[in-house]
Amino acid sequence: MVKRVRPSATYRRRLLRWLVESDRSGKSSHAVRHPWWQVMCLTGVDYFSTLGYQPGIAALAAGALSPIATLILVLLTLFGALPIYRRVASMSPHGEGSIAMLEHLLPWWQGKFFVLCLLGFVATDFIITITLSAADATAHIVENPFVHDLLHGYEVPLTICLIAFLAAVFLKGFREAIGIAVFLVAIYLLLNLVTIGVGAYQILTHPTAIADWWSLLFSTHGNPVVLLALSALVFPKLALGLSGFETGVAVMPLVEGDRSDTDTVPTGRIHNTHKLLTTAAVIMSFFLITSSLVTTLLIPPPEFQAGGAANGRALAYLAHEYLGDGFGTLYDLSTISILWFAGASAMAGLLSIVPRYLPRYGMAPSWTLAARPLVLIFTAIAFAVTIIFRANVEAQGGAYATGVLVLMSSASFAVTLAARQARSRRGMVVFGTITLVFFYTTIVNIFERPDGVKIAAFFIGAIIFTSLISRVWRSTELRVDQLEMDSVAQRFIREESEHTIRIIANRKQAGDEQEYSLKETEVREDNHIPLTEPVLFLEIEVSDASDFMETVQVEGVQVGNYRILRAKGSAVPNTIAAILLHIRNETGHLPHAYFGWIEGNPIQYLLRFILFGEGDIAVVTREVLRKAEKVPRRRPIIHVGG
């Protein structure tokens, strides 16, 4: 028999009506599957929108080496990131991503803290995506010649307004994202293609541009070997162009599969996600190379610097310069829209990641299962980051790249471990090499732009601190999602339902008749239980104390004349409370549970309960029951003797 444990009244009332409605509206769109190319556009608002600032940041970081460094980046995209995430999609087809693959790498609390650290980098990636994209959208607004004099100097307020507008959309309910994304991506890529095409035409009709660039390269850096070596050293600064792969895996549940797909093996969805990732990578690689070439060859280097007309908006500069302010304004509007919508993609990612892990760990309040309060929290954080960095695109680039690279490094590491477990020597060599490249790129980026790891460390610290506070605060919740009893356990309960149900809590030692005989005698004497009253024994084994919500399976065992209920749970008191409530609901009678007093420092037992799921069992069980059942006369009765 399977029974869902009745949750506490507090848990049932945790979401106000406006929160629940928001959560439902946010999930409704995810129930519909879409063709892979449409979902690609949803990920593309994050991935493709980096063209708004990537060429300018690349030029600042690498100078004349920008096209060569970008070529290395493209090779890493096609032969590194793409194979890694195709494998992640195959092994994690429900959108869990690489974090889920690494979740059980370490046992107990070590694994939970490892995931929390990765979530800190996820938060860095997505929050900076929101703030950086909004800041670059602001740069396109302010630098437009029609409004430059009016809005110059108001970058921070404008960026905050864009972020607030994004939050307002999510508070209203984020629907029809796919259709909007398809429209924005199609227009944006078309305008970029026109702009780059015109830039290429200018280069071909003015061949001195290529000659000047070529001579500058060799006069400054010597021979081709030196050029390649220097490009390999600076290409980590261009890592922003790798963003989008993690989002591509996260949106897998939206991808349409085949009719033959099953929940466990969605072969069609995996195949279509592979097409999504490959097509996006090829398109982005083309635009990365071509945009880097035309901007490096056609834009004077001073214009890339802070305050320059191409700072944070290199392609927009070319659109205005060669196609006029009318087309340039149209390009600005398209770029502003897709950059703003890239923030929407990041917000959707955050709203997906946080409820997937933290509440399940007990490391976030239960109201974080709803969308609206999370939107308000993430928006407040985005406001703070914008103010701290004064809406500067270049200043936030290091933090963004750090988040992206750490996630890619973790994904490549997870895939390498999977290849090792599958005993694939070729997979270990290939994916291990890619992992080393990503580790190198990440370390170089951290050393050259430490702001990113500082921000990530802040997010990690904040997540761990708030998670521990939440875990302690929620430790006395019922924490059992579902309870299953085998046929023997059910028979024991039915037999006891004819009289007062008396349950003796026992810590199993030898598990023989002598142990149960001595325990029964002790408890009967301490609590004055008549010999004519039958008893049941209840034994709980701690499975993984770091878990929070779980399914508990109860097994009935007969040892001589003694009947025992045995179960595994993450915390002994919470599991006992859940079983007592289940017995009450099944029989209609209040069970009596018997415990002994403990000896020792109560603080020590409190820590043992939080960390190891044990501690002062009787007191904590009583508190769990009090929180789970608000009506005192309906609570199972706890006795403590000795």
Side-chain angles (χ1 to χ4, degrees), residues 43 47 72-108 110-122 124-125 232 235-236 238-239 241-250 252 264-267 269-271 273-274 276-278 280-281 285 349 353 356-357 401-447 452-453 456 460:
T43 66
Y47 195 21
I72 297 176
L73 179 69
V74 166
L75 294 175
L76 182 60
T77 298
L78 296 177
F79 301 104
L82 180 58
I84 288 292
Y85 277 93
R86 283 171 63 96
R87 185 61 62 93
V88 171
S90 299
M91 302 183 67
S92 179
H94 300 290
E96 301 94 336
S98 58
I99 294 180
M101 295 174 63
L102 294 171
E103 184 176 5
H104 302 294
L105 181 65
L106 297 173
W108 291 63
Q110 301 99 302
K112 300 297 186 295
F113 281 112
F114 180 63
V115 170
L116 291 180
C117 291
L118 288 180
L119 289 177
F121 287 104
V122 170
T124 303
D125 183 7
F235 99 90
L238 281 61
L242 288 168
S243 67
F245 282 98
E246 196 76 25
T247 309
V249 173
M252 275 193 73
T264 54
V265 187
T267 305
R269 189 194 307 166
I270 293 172
H271 177 68
T273 302
H274 287 173
L276 180 158
L277 295 171
T278 303
S285 296
I353 289 291
R356 182 174 291 165
Y357 289 99
T402 298
V404 170
L405 288 171
V406 169
L407 291 180
M408 288 195 159
S409 298
S410 67
S412 58
F413 182 59
V415 171
T416 304
L417 286 180
R420 181 175 181 271
Q421 292 174 353
R423 300 183 183 277
S424 171
R425 185 180 299 274
R426 179 176 177 274
M428 288 177 58
V429 172
V430 172
F431 295 126
T433 303
I434 297 173
T435 301
L436 291 177
V437 173
F438 275 120
F439 279 177
Y440 157 75
T441 308
T442 304
I443 293 171
V444 170
N445 183 80
I446 289 174
F447 274 103
V453 77
I460 291 170

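On a predicted model such as this, the values are computed, not experimentally measured, just so you know. We number each residue from 1, following the sequence as shown.
The environment of CZ in Arg87 is sparse: at most 12 heavy-atom neighbours from other residues, nucleotides or ligands sit within 6.0 Å.
In this structure, the side-chain hydrogen bond (donor to acceptor under 3.5 Å, both in side chains) partners of Ser90, at least two apart in sequence or on a different chain, are His274. Residues satisfying the ring pair (Phe, Tyr, Trp, His ring centres under 6.0 Å) test with Phe438, not counting sequence neighbours, are none.
When all heavy atoms of Met91 and Ala418 are compared, the pair lying nearest together is CE-CB, 3.2 Å. Of all the heavy atoms in Ala81 and Met408, the pair that sits closest is CB-CE, 4.0 Å. What you find for Ile270 and Ala89 is that their closest heavy atoms are CG1-O, 3.9 Å. Taking all atoms of both residues into account, the shortest heavy-atom contact from Leu78 to Pro83 is O-CD, 3.5 Å. Considering every non-hydrogen atom in both Thr43 and Gly248, the closest pair reads CG2-CA, 3.6 Å. Residue Thr416 comes nearest to Met428 through the heavy atom pair CG2-O, 4.2 Å, listed as atom of the first residue, atom of the second, then distance.
Taking CG from Leu76 and CG from Leu82, the interatomic distance works out to 11.0 Å, rounded to the nearest 0.5 Å. Interatomic distance, Phe113 CZ to Leu118 CG, rounded to the nearest 0.5 Å: 13.5 Å. Rounding to the nearest 0.5 angstrom, the gap separating the CG atom in Leu75 from the OG atom in Ser285 is 8.5 Å. The line from CG of Leu407 to OG1 of Thr402 is 10.5 Å long, rounded to the nearest 0.5 Å. The CD1 atom of Ile84 sits 12.0 Å away from the CG atom of Leu277 when rounded to the nearest 0.5 Å. Atom CZ in Phe121 sits 9.0 Å away from atom OG1 in Thr442 (nearest 0.5 Å).
Looking only at side-chain heavy atoms (C-beta outward), Leu417 and Leu102 come within less than 4.5 Å of each other. Considering only heavy atoms from C-beta on, Thr77 comes within 4.5 Å of Phe245 through its side chain.
At least one donor-acceptor pair closer than 3.5 Å links the side chain of Thr435 to the backbone N or O of Ser412.
Under the side chain to side chain contact (heavy atoms under 4.5 Å, CB included) test applied with Tyr85, the options Thr273, Val249, Thr278 reduce to a single match, Val249.
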